[in-house]
Structures are given as C-alpha cells and as structure tokens.
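The structure appears right after this line, and notes come after that.
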Amino acid sequence: MKEINREQLIETVAAACIDSNIYLGQDVCNRLAELESSETNERAKSILSQFTKNREVADQTKLPLCQDTGIVLMQIEIGNQVHLDFDLYEALNEAIRIGYEQGHLRKSVVEDPLFRVNSGDNTPGVFHTELVMGDELKITIAPKGAGSENMSNLKMMTPQTPINEVEDYIYDCVVNSGGKPCPPIVVGVGIGGTFEKAALNAKKAVLEDIGTHNPKPEYEEIEKRLIERINNSGIGPMGLGGKSTCLDVSIIEYPSHIASLPVAVNINCHVARHKVVKF
C-alpha cells in the first residue's frame, strides 16, 4: 500500500496550477510550429508567429499565457494500492487556492452560477475521479477558459444516424464556434455511453497529448478526416482566415444502449493548457 503525503501533494499541485498557466506543452509547441511552416495565408502566419512570441514572453516573465486562467479541471486516477488518510478534494482545493494566490493568477470562479459572487480564490475545482490498478496517483491539471468551454455541445442522436452525419455534427460545432474559442483548437469528442459519459469522455479526449489517436483504425480515420475538413474550413487562427484552424481531433468511444447514440464535443483553445503530476 502506497501512502500519499498531503503536504507534498498540495505543494506539487499548487506549483502545477501555476506552471500550466505559464508554460506551453511541447506537444502544442510542435504542432503550432508545423501549422506555421505550412500556412500560406500571410495574416494567419503572422498570428501563429505572435503565438510563439507570446509563449516566449510568458516563459521569460513567468506571466500567464492568457488572461483567462480558467476554472481548474482535474482528471484523477487513483490506483487500488494507494492509501489516502485525508480528504483528497479538500487538499486539491487548497492547492488551487495556494497556486492561484502565489502565481498571481486571475480568480474566475463564482460561488453560485446564477448569483455570480466570486469565490475569491478560484475554488472549487472540478474533479473527475477514476479507480485504476496499481500504486500510482495521477492527476491531470487543466485550467479551462470560458471562451472554449462555452462552445461545448452534446446531442442525443439515434442509432440509425449514419457516420457522415455524426461527422457533420462535430464539424458544424466547430464552424459555428468560429473564432470564439481562439483557434487553432483541439477538439475532444465523446461518442457513446450515456448523456454524462459522452461529455466526460469529450473532456478527457481534449486533454490528450497532440497527435494521440484512437487505437481503433475506424475512429482514427474519422479523426483524420475531421482535422483535414476543419483546417479547410477557412476559419484560421483567431477566426481571421487561413488553413490553421485545428491542432488535433481526439475521439473516445464507449458502449451505449441499443436505442441511444450520444455525441459530445468539447473544444480547447490553442494553448491547450494541461500538466500531469504523479505520486
């Protein structure tokens, strides 16, 4: 049985909250560089170049990549041999509180969705927990901005819906969002399961490393078709034209009821912030 130290967890996660808002992941850097080198629209190419400069300034000054430092999402995997003698969610909220204060990050969370009073410390976070085998605690930390999150969609389709119409729905979700989610974007898709499972899988998919494809060839082909189609939409970086609209499309599927076909789409902006910590 592996014991997790509460104070070490808080310190590590607080630092990751800061780092994920400042440092762009290497997978994202590589993909943005690919798009910039292949982009033929001069305005789009200039915007992609500015993204690189923004990353360099953030790295040098230790300032956030974006003013919207997000609501903190955490995907948590707890091994069956991990032992916690403390309230994990309370500790994670304490880490968010410390990280956002020490990092001078914008506090964007309101205590009530209708009455809009700011919590003052960017808590609570949003936690999704999965039990797995092993002696490791893995936490994927993702500050999620509202510009991209607000473009999320879910549709309960019928089992008779042909694959091309499923693809059309995903494509339309992206096109209808235009420049609002700050493209080039990452598109996470959840197909199957139930209403909430599809949404959770879409959120999980959007946090995968760029270039990670579905292991099933049929779904990988759908991902590749959508990437090409979205990049040919003409939306371009920040919605100002060009062929660099999409960093990646990732699909996670799950078994569903014979009478149901839920399809969820979640979008991440071009910084695609996430950081993984393990204990």
Side-chain angles (χ1 to χ4, degrees), residues 4-29 51 54-78 82 84 86-111 113 117-130 136-150 152 181-182 185-186 188 200 203-210 247 266-279:
I4 304 296
N5 180 276
R6 179 181 182 275
E7 298 310 314
Q8 181 189 10
L9 179 139
I10 291 174
E11 180 181 351
T12 302
V13 173
C17 286
I18 299 172
D19 289 352
S20 61
N21 274 291
I22 294 175
Y23 303 110
L24 198 61
Q26 192 58 52
D27 60 325
V28 181
C29 292
F51 289 164
N54 181 68
R55 173 180 60 81
E56 292 170 350
V57 170
D59 184 73
Q60 293 165 6
T61 62
K62 311 307 179 204
L63 292 173
L65 289 155
C66 176
Q67 52 82 26
D68 185 352
T69 52
I71 184 171
V72 181
L73 166 73
M74 296 192 192
Q75 299 275 6
I76 305 163
E77 294 182 10
I78 303 179
V82 171
L84 304 170
F86 56 89
D87 184 327
L88 177 60
Y89 293 167
E90 183 275 330
L92 293 175
N93 277 321
E94 179 66 11
I96 294 169
R97 190 175 296 113
I98 292 171
Y100 272 70
E101 185 63 31
Q102 290 182 348
H104 307 289
L105 305 175
R106 194 184 82 180
K107 286 81 172 178
S108 302
V109 174
V110 293
E111 292 178 340
V117 177
N118 197 292
S119 69
D121 57 13
N122 219 54
T123 66
V126 177
F127 309 125
H128 302 304
T129 304
E130 183 179 355
E136 185 174 82
L137 172 62
K138 176 183 175 182
I139 305 175
T140 302
I141 298 151
K144 196 69 164 62
S148 59
E149 186 70 3
N150 289 348
S152 303
C182 299
I185 57 175
V186 179
L200 286 171
K203 181 59 66 67
K204 188 174 182 180
V206 86
L207 298 179
E208 292 188 341
D209 288 341
I210 305 300
L247 294 171
N266 188 248
I267 293 175
N268 222 346
C269 67
H270 66 269
V271 292
R273 294 170 296 195
H274 64 283
K275 187 175 180 63
V276 176
V277 295
K278 298 178 181 179
F279 302 89

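Every value quoted in this text rests on a predicted model; they were computed, and no experiment measured them.
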Can you name the nearest heavy-atom pair linking [X] to [Y], along with the distance?
| X | Y | value |
| --- | --- | --- |
| I22 | A58 | CG2-O, 3.4 Å |
| D68 | A146 | OD2-N, 3.0 Å |
| T69 | P64 | CG2-CB, 3.9 Å |
| I98 | A14 | CG2-CB, 4.1 Å |
| C17 | S20 | O-OG, 3.1 Å |
| I10 | A95 | O-CB, 3.6 Å |

Find out whether [X] and [Y] are in side-chain contact, i.e. whether some heavy atom of one side chain is under 4.5 Å from a heavy atom of the other.
| X | Y | answer |
| --- | --- | --- |
| N268 | L207 | yes |
| L92 | I139 | yes |
| V13 | F279 | yes |
| V82 | E136 | no |
| K144 | V126 | no |

Nearest 0.5 Å, what's the [atom1]-[atom2] distance between [X] and [Y]?
| X | Y | atom1 | atom2 | result |
| --- | --- | --- | --- | --- |
| R273 | Y23 | CZ | OH | 15.0 Å |
| K204 | H128 | NZ | NE2 | 11.0 Å |
| E11 | N5 | CD | CG | 9.5 Å |
| L24 | R55 | CG | CZ | 6.5 Å |
| L88 | L9 | CG | CG | 6.5 Å |
| I76 | I141 | CD1 | CD1 | 9.0 Å |

Counting distance only, does the side-chain N/O of [X] pair as donor-acceptor with the main-chain N or O of [Y] below 3.5 Å?
| X | Y | result |
| --- | --- | --- |
| H270 | C182 | yes |
| N122 | S108 | yes |
| D27 | I210 | yes |

Query - N21 vs R106, side chain to side chain contact (heavy atoms under 4.5 Å, CB included): CA-CA, chis, key distance, verdict - result: CA-CA 10 Å; N21 274 291; R106 194 184 82 180; over 6 Å; no
**Report entry** Other residues, nucleotides, ligands: >12 heavy atoms within 6.0 Å of E90 CD
**Finding:** yes
Requested in this report: Decide yes or no on side chain to side chain contact (heavy atoms under 4.5 Å, CB included) for D209 and H274, but give the supporting numbers first.
Outcome: CA-CA 9 Å; D209 288 341; H274 64 283; 3.3 Å; yes
Requested in this report: Ignoring hydrogens and angles, state whether a donor on the side chain of Y100 or T123 is under 3.5 Å from an acceptor on the partner side chain.
Outcome: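 No, no side-chain donor-acceptor pair sits under 3.5 Å.
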Query raised in the report: Can you list the steps and then say if I185 with S148 is a side chain to side chain contact (heavy atoms under 4.5 Å, CB included)?
Result: CA-CA 9 Å; I185 57 175; S148 59; over 6 Å; no
Query raised in the report: Going through the distances and angles, do V271 and F51 end up as a side chain to side chain contact (heavy atoms under 4.5 Å, CB included)?
Result: CA-CA 9 Å; V271 292; F51 289 164; over 6 Å; no
Query - Residues D121 and K107 bridged, charged N to O under 4.0 Å - result: no
**Report entry** Charged N-O contact under 4.0 Å between E77 and K278
**Finding:**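 No, this pair does not count.
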Query - Stepwise salt bridge (Lys or Arg N to Asp or Glu O under 4.0 Å) test for E149 and K203 - result: CA-CA 10 Å; E149 186 70 3; K203 181 59 66 67; 3.1 Å; yes
